[in-house]
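The next block holds one structure in the form of structure tokens; read it before the comments.
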Amino acid sequence: MTEKLAWAEIEPRLRQLRLSADELKERFPDEADFMPRFADLADDILEAANDACYDDASVRITDMLIDLGYVPAEHRQH
């Protein structure tokens, strides 16, 4: 079993995901093209997150999608 990562290791990955998301949106502005690529990156982070930070990482990922315009703002969880 792979060791799960704590927030200190997950948070920098989330920052990098946000930067990557901007690049992906430029290259693949259509949601059908963007979402599978983004999901692959996001899933890697969530799979690595330990139980204590999984929910926070998930919220941050949803916030990214809201900020990018792919998810309605009413899905914001905070």
Side-chain angles (χ1 to χ4, degrees):
M1 177 181 217
T2 304
E3 182 178 337
K4 298 292 188 165
L5 303 176
W7 184 253
E9 291 87 21
I10 293 296
E11 202 272 332
R13 292 176 184 218
L14 290 167
R15 284 196 310 265
Q16 181 57 49
L17 177 62
R18 183 61 178 93
L19 296 173
S20 297
D22 289 333
E23 294 171 12
L24 283 174
K25 185 171 182 173
E26 280 185 35
R27 290 180 54 208
F28 307 101
D30 185 81
E31 183 175 354
D33 297 324
F34 170 86
M35 288 301 280
R37 290 166 172 88
F38 180 86
D40 285 344
L41 298 173
D43 287 347
D44 288 345
I45 293 171
L46 292 175
E47 288 175 14
N50 69 21
D51 291 343
C53 67
Y54 182 91
D55 288 342
D56 289 333
S58 180
V59 167
R60 290 270 299 267
I61 290 167
T62 300
D63 287 348
M64 288 178 209
L65 293 171
I66 292 167
D67 294 343
L68 291 165
Y70 292 109
V71 172
E74 59 264 14
H75 291 272
R76 200 171 299 273
Q77 299 177 31
H78 50 84

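What's counted below: heavy atoms across the whole structure, side chains too, no hydrogens, waters or symmetry copies.
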| field | Member of Glu26, Arg27, Lys25 meeting the side chain to side chain contact (heavy atoms under 4.5 Å, CB included) criterion with Phe34 | value | Lys25
| query | Rounded to the nearest 0.5 Å, what separation is found between the OG1 atom of Thr62 and the CG atom of Asp67? | reply | 10.5 Å
| Minimal non-hydrogen separation, Trp7 against Cys53, with atom names | CE3-CB, 3.6 Å
| note | Between the CG atom in Leu41 and the CG atom in Leu14, the distance rounded to the nearest 0.5 Å is 11.5 Å
| request: Consider only side-chain heavy atoms of I, L, V, M, F, W and Y, link residues closer than 4.5 Å, and tell whether Leu46 and Val71 are in one cluster. | output: yes
| field | Side chain Glu9, main chain Ala6, donor-acceptor under 3.5 Å | value | yes
| request: Return yes when atom CG of Asp51 has more than 12 non-hydrogen atoms of other residues, nucleotides or ligands closer than 6.0 Å, and no otherwise. | output: no
| field | Rounded distance (nearest 0.5 Å) linking atom CD1 of Ile10 with atom NZ of Lys4 | value | 9.0 Å
| message | With side chain to side chain contact (heavy atoms under 4.5 Å, CB included) as the criterion, how do Leu17 and Arg60 come out once you've worked through the C-alpha distance, each side chain's angles and the decisive distance to 0.1 Å? | response | CA-CA 10 Å; Leu17 177 62; Arg60 290 270 299 267; over 6 Å; no
| message | How long is the straight-line distance from CG of Leu68 back to CG of Leu24, given to the nearest 0.5 Å? | response | 9.5 Å
| task | Look up atom CG in Leu65 and atom OH in Tyr70, then write down how far apart they are to the nearest 0.5 Å. | result | 9.0 Å
| task | With rounding to the nearest 0.5 Å, note down the distance linking CD1 in Ile61 to CD1 in Ile45. | result | 5.5 Å
